[in-house]
Amino acid sequence: MGSLGALLVLLGGLGALAERCELPAVDSKLVEMLGQDLLPWMDRLSPEELNPSIYVGLRLSSVQAETKEALYLHNLKLYYQQSLLETGSSDGDEDSGFQVQPSMGQLAFYLLALRANCETVGGRKGDRLVSQLKRFLEDEKRAIGHNHKGHPHTSYYQYGLAMLALCVHQKRLHDSVVGQLLHAVEQDLPLQQGHLSVDTAAMAGLAFSCLKRSHLNPKQRERIILAIGMVRERILQAQTPEGHFGSIYSTPLALQFLMTSSVPGVRLGAVCHKAKAALLASLLDGAFPNTMVLSQLLPALNHKSYVDLLSPDCLAPRALLEPAMENPSELQVPEAIRVTLQVPSLLPPYQHSVSVPAGSSLEDVLKKAQELGGFIYETQASLSGPYLTSVMGKEVGEREFWQIVQAPDTPLLQGIADYTPRDGETIELRLVSW
Ligand code: B12
């Protein structure tokens, strides 16, 4: 080959590199620290606290928790299999030992967890699981309707997640089920209160990437490829000047999706470098992701995505996590701060200033307000932590939620358990539709 030819090959190679979303290796100490944050959660084995996403996140990461992982998966199996048996036998029977049956998305994460352990679903139990998830999706398809005017009972995020989970197990879905998500993307899907939900788009993109690789719906192939491009375009447009896709907390899933595709003409390399730099800067700044987000970040830092569960590598070497050393904390009485809590939309409106120790979470503030009287709230356990479901006795209706807003008008990027208010801050709880 002449020198010009060699130059062209080299330039071609560099071009191809620039098109992939590749993150430069992340400091292994940082990954270890992030992994250590997950360890205490692996000791929480009660049904409300089990989270299959933690298991998936670790298995796709570069770190491992050795025997804890096997025990955790064992408990996931006990819980999810049992809950399925009860769904099958009692169908809403009062006797059910389960207060809340796993949602479509939770079952889907459980299927991902099985695949992360290189298991394929089969046999009676496995078939039941797959049928249940397919039934959920059929129900959602019907809820959206032929004319696409309706909404899924859960969300398009869970719709995409369920499709992805069945896809990594090579379980085929009817074209019409896939078509419903394709249509949503083609029509500029799931806007949440006027914003693109980057997580939702990324989850749909991951499901489509899996379908593209697995050839499960050949008749939809062209549409799937086009939809992947649309999702990519929208996620790239959502990149902030600092580099996040949407916010810090949606960047992990967005990166997972972007890593599944490479396209000529799109400089994914530079875009992803910038996102990684923004993520690292935020992490060093103390913006600690919660367990759920962390479990989506660890695979991305290891250059893996949920789509890799199509053919997982269960023998890949992973560094053993040691429990973090406890920092001997000096016994100091923290100073008190005041946080104002307001619920202006109810009659009579509530506004009260509460004193809590500095470093308290918003949940501590709510508890204190409730203790003081005149304020009541309720939460529901979820994979992301306690979800605020009722304020002053007002429960949310369909497609409503209690939004947490930093006054005057900044919706928080964290939930009540993770957010730490500052002295003098006002937090508004606002009932909104989504
Ligand atoms: C869909 C969704 C919503 C929907 C949920 C309603 C529904 N029927 O689905 C709506 C729009 C209402 C919503 C609200 C909020 N959300 Co939201 N949501 C999501 C999303 C896209 C998917 C959740 C999901 O289905 N998970 C899969 C299923 C299987 O898990 P699950 O635990 O069973 O799901 C339930 C919980 O996740 C819960 N939920 C949804 N959001 C949040 C947020 C928090 C903090 C908690 C504790 C629970 C929770 O609703 C789900 C359905 O019941 C995630 C994205 C993600 N990467 O996780 C963001 C996400 C979890 N939400 C987020 C946030 C910040 C919020 C709000 C706190 C925003 C606000 N300022 O008010 C509120 C919650 C306030 C409250 N009342 O406690 C962040 C959390 C970031 C973090 N640091 O933890 C995420 C990661 C989005 C992001 N990238 O920033 N959300």
Side-chain angles (χ1 to χ4, degrees), residues 48-54 56-57 100-113 133 136 140 143 151-162 164-165 189-204 206 235 238 244-257 282 287-297 300 306 361-363 366 377-391 394-406 409-420 427-434:
E48 309 83 59
E49 291 187 293
L50 277 174
N51 183 347
S53 175
I54 294 184
V56 177
V100 185
Q101 292 291 333
S103 64
M104 175 170 79
Q106 288 165 350
L107 271 189
F109 268 125
Y110 172 59
L111 266 189
L112 292 184
L133 209 47
F136 269 135
E140 292 294 55
H151 300 282
H153 298 298
T154 58
S155 60
Y156 279 107
Y157 179 94
Q158 292 199 32
Y159 199 105
L161 175 59
L164 172 70
L189 147 133
L191 295 170
Q192 268 174 18
Q193 301 184 292
H195 299 292
L196 166 78
S197 162
V198 169
D199 300 87
T200 305
M203 193 54 93
L206 286 165
I235 289 183
H244 293 303
F245 299 109
S247 78
I248 164 179
Y249 302 116
S250 39
T251 302
L253 214 51
L255 279 173
Q256 280 202 34
F257 163 68
S282 299
F288 264 98
N290 90 341
T291 324
M292 191 65 195
V293 179
L294 197 49
S295 69
Q296 301 187 325
L297 171 64
Y306 293 150
S361 68
L362 178 55
E363 193 177 14
L366 300 188
Y377 76 101
E378 278 171 51
T379 60
Q380 197 182 319
S382 81
L383 301 186
S384 293
Y387 179 71
L388 192 59
T389 49
S390 151
V391 173
K394 173 81 184 128
E395 306 235 348
V396 289
E398 210 177 312
R399 296 183 61 75
E400 274 184 348
F401 76 109
W402 278 105
Q403 188 183 43
I404 316 168
V405 180
Q406 182 192 52
D409 214 15
T410 311
L412 293 187
L413 295 178
Q414 289 174 303
I416 55 169
D418 294 334
Y419 186 69
T420 314
I427 298 291
E428 178 184 334
L429 302 176
R430 197 183 276 175
L431 189 62
V432 296
S433 300
W434 63 282

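The figures here come from the full heavy-atom set of this structure, side chains too, leaving out hydrogens, waters and symmetry mates. Indexing begins at 1, ligand by ligand and atom by atom, following the structure's order.
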With heavy atoms only and a cut-off of under 4.0 Å, state how [X] meets ligand 1: side chain, backbone, both or neither.
X	value
Ser382	both
Gln158	side chain
Asn290	side chain
Pro386	backbone
Phe401	side chain
Asp199	side chain
Gln296	side chain
Tyr249	both

Any N/O of His153 closer than 3.5 Å to an N/O of ligand 1?
->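 His153 vs ligand 1: no N/O contact under 3.5 Å.
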
Under 3.5 Å, N or O to N or O, is Leu253 touching ligand 1 that way?
->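 It does not: no N or O of Leu253 is found under 3.5 Å from an N or O of ligand 1.
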
Per-atom contacts of ligand 1 with [X], taking only distances under 4.0 Å to non-hydrogen atoms:
X	answer
Gly105	29 (C)
Ser247	90 (O)
Leu388	76 (C), 77 (N), 78 (O)
Gly415	45 (C)
Ser250	89 (N)

Look at ligand 1 and say whether Leu413 reaches it with a heavy atom at a distance under 4.0 Å.
->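 A heavy atom of Leu413 does come that close to ligand 1.
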
Roughly how far, to the nearest 0.5 Å, is the CG atom of Leu362 from the CG atom of Leu412?
->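 Atom-to-atom, Leu412:CG and Leu362:CG are 7.0 Å apart.
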
Heavy-atom nearest option to atom 49 (C) of ligand 1, drawn from Phe109, Tyr387, Trp402 |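 Minimum heavy-atom distance to atom 49 (C) of ligand 1 goes to Tyr387.
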
From the options Leu412, Asp418, Thr154, Ile404, select the one whose nearest heavy atom is closest to atom 69 (C) of ligand 1.
-> Leu412

So, do [X] and [Y] sit near enough that their side-chain heavy atoms are less than 4.5 Å apart?
X	Y	value
Val396	Tyr387	no
Arg430	Asp409	yes
Leu431	Val391	no
Tyr306	Leu253	yes
Tyr156	Glu140	no
Leu366	Thr379	no
Pro152	Met104	no
Thr154	Phe136	no

Can you see which heavy atom on Ala202 is nearest to which on Phe257, and at what distance?
->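 Nearest heavy atoms, Ala202 then Phe257: O-CB, 3.9 Å.
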
How far apart are the closest heavy atoms of Trp434 and Ser155, and which atoms are they?
->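 Taking every non-hydrogen atom into account, CH2-CB, 4.2 Å.
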
